[in-house]
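Basis for what follows: all heavy atoms, side chains included, without hydrogens, waters or symmetry-related copies. Numbers restart at 1 for each chain; the letters A, B, ... are given by sequence-line order, proteins then strands.
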Amino acid sequence: MLDIQLLRNDLESVAKRLVEERAYVLDVAHFQALEHERKSIQTRTQELQAKRNQTSKQIGLAKGKGEDVSAIMAEVADLGDELKAAETRLVAVQDQLNDILMGIPNLPHESVPAGKSEEDNVEVRRVGTPRRFDFSVRDHVDVGEGLAQLDFATGSKLSGARFTVLKGPLARLHRALSQFMLDVHTGEHGYTELYVPYLVNADSMRGTGQLPKFEADLFSVQKNENEKLYLIPTAEVPVTNMARDEILPLESLPQKFVAHTPCFRSEAGSYGKDTRGMIRQHQFDKVELVQVVHPSKSYEALEELTGCAEAILQKLELPYRVMALCGGDMGFSAAKTYDLEVWLPAQNTYREISSCSNFEAFQARRMQARFRNEKGRPELAHTLNGSGLAVGRTLVAILENYQRADGGVDIPAALQAYMGGKKFIQRPSS
RNA sequence: GGAGAGGUGGCAGAGUGGUCGAAUGUACCUGACUCGAAAUCAGGCGUAGGUUCAAACCUACCGAGGGUUCGAAUCCCUCCCUCUCCGCCA
């Protein structure tokens, strides 16, 4: 959520930036009309409230002295109706303003490249060299099914399309990956490990920006007649929302958390995309990094956090590149985003495996996540998060990059300790 | 799932219709005393919004939402959460 003061004071230029940098059209005239109405109604409401309070006090005093109060009572007889009408209207107007505000995307940081789509993203650096294969490369589906350890048919039997069953060593490799990532981030990067709920309430989804705009992307369950719970699409939601409605002590910043959770996404609107394989699933595991930081440190923190995610790829010796997303390709809440893209030889391209973003105060303002600043005043914190990494896609990358001519898959050196010393995976002999 | 108790300021804890945004204690900050500290004394000490150059003033907030009333922390309704006991259970 943008600061409403920014819109009040500088509506035209904010609207201009939203169109140019985020392709978002703000109805300036409508907003202005609402804001104008809000101002006059709020003033009127508060006047009426003051009058009511004053009069009620007088009645109390007069009654205490045993005086007749019918004259004063008559004076406020019709005040109640007018006040109620004003209050109702005020709430309605504020709701409308709030709806607009909740639907406006974040403004990009000045360092974000201009652009409308993926095409305009800028490559920041490229690390590692894609391996040369002296045999014809298979994609992860062929490799995994060839090993009889990756089973899409059974996944769809159990749950439908976009669900997968892993078996044997490959299932273990999947587990090994998340253990490895957690160990690196807690042991080497100073993140505190968390275990968090996978079902969260609507307030939490609003806090990080999934609601109200992206309900279609979420799975939900009915908790009871009145309440829904949502399956988390990323650990970002529960972890970041821990700071919701808090005023954190200055010395507690920066807060750095890592959590391994499953993630659930309905993938509405991407029906034709990545239907083959486990690139795009309804359920996948992710190790997520989250930071809550002092506003003056958030861009430093974005570089640090991105580096932590990169460290995993480096340790796994997977070639990747870092992309600075352009304004048009960034997520709704982000002020700046780096995507890490891992090399997938079968697709002969780099594919997203991590997304690291600084949200500045956008999420913090929605969820009232604050800290007590140097002057002792509450101030909105900045929040960041990034995948470190998406476990399923990392597994895909290993299957493709570490495949062997005989159909087996070598296990990256960094993971061998997590695999009981095994150096490769092959098809069971029987 | 059943029975009961309760949700008030950082914490503790009063307040059952009228100067209550809220006593008191404690923590914290400032000052006095002290060589310094402790103790003691004095003062300060919630969040958000509005009008405003500012000072200041006004408004809202006592788990959430609604209702009664001239007036609600206090009465009524719905919901949420916490605790205790019983049952069930990974």
If only side-chain N and O atoms of [X] are considered, is one of them under 4.0 Å from the OP1 or OP2 phosphate oxygen of [N]?
{"X": "Lys84(A)", "N": "G66(B)", "result": "no"}
{"X": "Gln54(A)", "N": "C57(B)", "result": "no"}
{"X": "Lys39(A)", "N": "U51(B)", "result": "yes"}
{"X": "Lys223(A)", "N": "C81(B)", "result": "yes"}
{"X": "Arg372(A)", "N": "U47(B)", "result": "yes"}
{"X": "Asn53(A)", "N": "C58(B)", "result": "no"}
{"X": "Arg377(A)", "N": "C45(B)", "result": "no"}
{"X": "Arg44(A)", "N": "U59(B)", "result": "no"}

Please measure how far the [atom1] atom in [N] lies from the corresponding atom in [M], and state the result in whole Å.
{"N": "A73(B)", "M": "A64(B)", "atom1": "C1'", "value": "15 Å"}
{"N": "A22(B)", "M": "A72(B)", "atom1": "C1'", "value": "13 Å"}
{"N": "C28(B)", "M": "A39(B)", "atom1": "P", "value": "9 Å"}
{"N": "U74(B)", "M": "C62(B)", "atom1": "P", "value": "8 Å"}
{"N": "G9(B)", "M": "G44(B)", "atom1": "C1'", "value": "15 Å"}
{"N": "C11(B)", "M": "C70(B)", "atom1": "P", "value": "37 Å"}
{"N": "A38(B)", "M": "A32(B)", "atom1": "P", "value": "14 Å"}
{"N": "U68(B)", "M": "C75(B)", "atom1": "C1'", "value": "8 Å"}

Nearest-Å distance for atom pair [atom1]/[atom2], residues [X] and [N]:
{"X": "Gln94(A)", "N": "A60(B)", "atom1": "CD", "atom2": "P", "answer": "14 Å"}
{"X": "Arg8(A)", "N": "U52(B)", "atom1": "CZ", "atom2": "C1'", "answer": "15 Å"}
{"X": "Arg38(A)", "N": "A48(B)", "atom1": "CZ", "atom2": "C1'", "answer": "13 Å"}
{"X": "Gln368(A)", "N": "A48(B)", "atom1": "CD", "atom2": "P", "answer": "7 Å"}
{"X": "Asn201(A)", "N": "A64(B)", "atom1": "CG", "atom2": "C1'", "answer": "13 Å"}
{"X": "Glu87(A)", "N": "A60(B)", "atom1": "CD", "atom2": "P", "answer": "8 Å"}
{"X": "Gln46(A)", "N": "A48(B)", "atom1": "CD", "atom2": "P", "answer": "16 Å"}
{"X": "Leu90(A)", "N": "C61(B)", "atom1": "CG", "atom2": "P", "answer": "13 Å"}

In terms of side-chain heavy atoms, does [X] have a donor or acceptor partner in [Y] at a distance below 3.5 Å?
{"X": "Tyr230(A)", "Y": "Gln210(A)", "result": "no"}
{"X": "His382(A)", "Y": "Glu360(A)", "result": "no"}
{"X": "His260(A)", "Y": "Asp285(A)", "result": "yes"}

For Phe371(A) together with His294(A), are the ring centres under 6.0 Å from each other?
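Centroid separation for His294(A) and Phe371(A): below 6.0 Å.
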Quick one: are the ring centres of Phe163(A) and Phe152(A) less than 6.0 Å apart?
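They do not qualify: ring centres at least 6.0 Å apart.
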Mate of [N] where both pairing distances stay under 3.5 Å, Watson-Crick or G-U:
{"N": "A56(B)", "answer": "U51(B)"}
{"N": "C83(B)", "answer": "G4(B)"}
{"N": "C41(B)", "answer": "G31(B)"}
{"N": "C75(B)", "answer": "G67(B)"}
{"N": "C61(B)", "answer": "G46(B)"}
{"N": "U24(B)", "answer": "A12(B)"}

5′-ward residue of the pair Gly80(A)/Arg370(A) relative to RNA chain B
Arg370(A)
State which of U47(B), G49(B), U19(B) makes the closest approach to the side chain of Gln42(A).
G49(B)
Closest to the Gln49(A) side chain, choosing from U47(B), A60(B), U19(B)
A60(B)
Salt-bridge criterion met for Lys16(A) and Glu21(A) (N-O under 4.0 Å)
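The answer is no: the pair does not qualify as a salt bridge.
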If you measure from the Lys or Arg side-chain nitrogens to the Asp or Glu carboxylate oxygens, is any gap between Glu267(A) and Arg265(A) under 4.0 Å?
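A salt bridge is absent here (no side-chain N lies under 4.0 Å from a carboxylate O).
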What is the ring orientation for His189(A) with Tyr191(A), classed by angle as parallel under 30°, tilted 30 to 60°, or perpendicular over 60°?
perpendicular
Test for a donor-acceptor pair under 3.5 Å between the base of G18(B) and the side chain of Lys63(A), counting only N and O atoms.
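For Lys63(A), whose side chain was compared with the base of G18(B), there is a donor-acceptor pair (under 3.5 Å).
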